[in-house]
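Here the structure comes first, spelled out in structure tokens, and everything after it is commentary.
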Amino acid sequence: QVQLVESGGGLVQAGGSLRLSCAASGRTLSTYAMGWFRQAPGKEREFVAAISWSWRGVNTYYADSVKGRFTISGDNAKNTVYLQMNSLKPEDTAVYYCAADTSYGGSNYGQEVEYDYWGQGTQVTVSS
């Protein structure tokens, strides 16, 4: 079991920045990737970013809509993954969820089905 707790959401003006955190506890040693997804009102949940760890190293993945503005990173010592969000836009408003992939050999990090555990989400609101 892996428990995930997001924090760092809030209200920010367009053009501003926020940093989301996702603290993992439990069987974190078996986590191969972590992802961030978001769900805006009336819309389906969508992929935002992911980070994976393997013998090849660390890889990051981003949705086209956030490339160049968002950065995902991880602190293994703290079992925490971060999502630095810059140049925020009103369309970034959503509930942001982090997720953990504990299955070896995965690669579809942009898909919800890849992930085994989910946090409760944190609200991000960007005002125009």
Side-chain angles (χ1 to χ4, degrees):
Q1 291 281 342
V2 175
Q3 294 78 42
L4 304 172
V5 179
E6 303 98 334
S7 61
L11 173 64
V12 63
Q13 289 188 333
S17 298
L18 281 175
R19 189 178 79 157
L20 304 184
S21 300
C22 176
S25 61
R27 297 184 60 182
T28 57
L29 289 180
S30 62
T31 300
Y32 296 96
M34 297 283 290
W36 285 97
F37 288 75
R38 67 187 181 186
Q39 187 168 20
K43 295 187 177 181
E44 294 186 352
R45 190 155 55 184
E46 64 176 4
F47 170 71
V48 176
I51 183 169
S52 67
W53 301 274
S54 71
W55 62 270
R56 300 182 185 88
V58 179
N59 289 292
T60 57
Y61 312 84
Y62 297 95
D64 288 342
S65 59
V66 306
K67 279 180 183 177
R69 300 189 298 122
F70 291 11
T71 302
I72 189 170
S73 62
D75 186 333
N76 289 337
K78 296 182 178 180
N79 290 327
T80 300
V81 171
Y82 303 98
L83 184 68
Q84 178 66 44
M85 306 186 295
N86 298 328
S87 302
L88 283 162
K89 305 175 182 180
E91 50 264 43
D92 294 318
T93 295
V95 177
Y96 284 70
Y97 300 89
C98 72
D101 174 12
T102 60
S103 302
Y104 178 77
S107 60
N108 297 319
Y109 300 122
Q111 303 297 318
E112 291 186 46
V113 295
E114 184 67 35
Y115 300 89
D116 311 295
Y117 299 96
W118 293 82
Q120 293 300 307
T122 185
Q123 177 70 47
V124 171
T125 303
V126 184
S127 63
S128 57

Which pair of non-hydrogen atoms, one from A14 and one from S128, has the smallest distance, and what is that distance?
CB-CA, 4.4 Å

Applying a strict under-4.5 Å side-chain criterion to I, L, V, M, F, W and Y, I'd like to know whether V95 and L83 cluster together.
no

Verdict with supporting geometry, I72 and Y62, side chain to side chain contact (heavy atoms under 4.5 Å, CB included)
CA-CA 9 Å; I72 189 170; Y62 297 95; 3.5 Å; yes

In terms of hydrophobic clusters joined by side-chain contacts under 4.5 Å, are L20 and F70 together?
yes

Nearest 0.5 Å, please: how far is CG in L18 from CG in L11?
8.5 Å

Show the nearest heavy-atom pair for residues E112 and R45, with the distance to one decimal.
OE1-NH2, 3.0 Å

Given side chain to side chain contact (heavy atoms under 4.5 Å, CB included), test E114 with S52 step by step and report yes or no.
CA-CA 12 Å; E114 184 67 35; S52 67; over 6 Å; no

So NZ of K67 and OG1 of T60: to nearest 0.5 Å the spacing works out to 10.0 Å

Where is the tightest heavy-atom contact between G119 and Y97, given as atom of each residue plus distance?
O-CD2, 3.6 Å

Hey, any chance F47 and Y32 share a hydrophobic cluster, counting ILVMFWY side chains that come within less than 4.5 Å of each other, even indirectly?
no

Testing the basics here: between V2 and A100, what is the closest heavy-atom pair and its distance to 0.1 Å?
CG1-CB, 4.4 Å

Main-chain N/O of K78 paired with D75 side-chain donor or acceptor, under 3.5 Å
yes

Shortest non-hydrogen contact between S87 and S17, atoms and distance
N-OG, 4.4 Å

Quick one: list whatever passes salt bridge (charged side-chain N to carboxylate O under 4.0 Å, His left out) with R69, sequence neighbours left out.
D92

hydrophobic_cluster_shared for W118 and V81, side chain cutoff 4.5 Å:
no

Taking every non-hydrogen atom, the tightest pair across W36 and S21:
CH2-O, 3.7 Å

Can you list the other members of the hydrophobic cluster that holds W55, where links are side-chain heavy atoms under 4.5 angstrom apart?
none

Please report the interatomic distance CD(Q1) to OG1(T102), rounded to the nearest 0.5 Å.
9.5 Å

Would V5 end up clustered with V124 when hydrophobic side chains under 4.5 Å apart are linked, directly or stepwise?
no

Measuring from R38:CZ to Q123:CD, what's the distance to the nearest 0.5 Å?
12.0 Å

Applying side chain to side chain contact (heavy atoms under 4.5 Å, CB included), run through W53 and N76 and close with a yes or a no.
CA-CA 10 Å; W53 301 274; N76 289 337; 4.0 Å; yes

Should L4 and M34 count as side-chain neighbours, where that means a heavy-atom distance under 4.5 Å?
yes

Using 0.5 Å steps for rounding, measure from the CZ atom of R19 to the CE atom of M85.
11.5 Å

Check: V126 main-chain N/O paired with T93 side-chain donor or acceptor under 3.5 Å
yes

Taking the six-membered ring where the residue is Trp, are the ring centres of Y115 and F37 under 6.0 Å apart?
yes

Would you say the side-chain atoms of E6 pair up with the backbone N or O of G121, donor to acceptor, closer than 3.5 Å?
yes

Inter-residue atom distance D101.CG - D116.CG, 0.5 Å rounding
5.5 Å

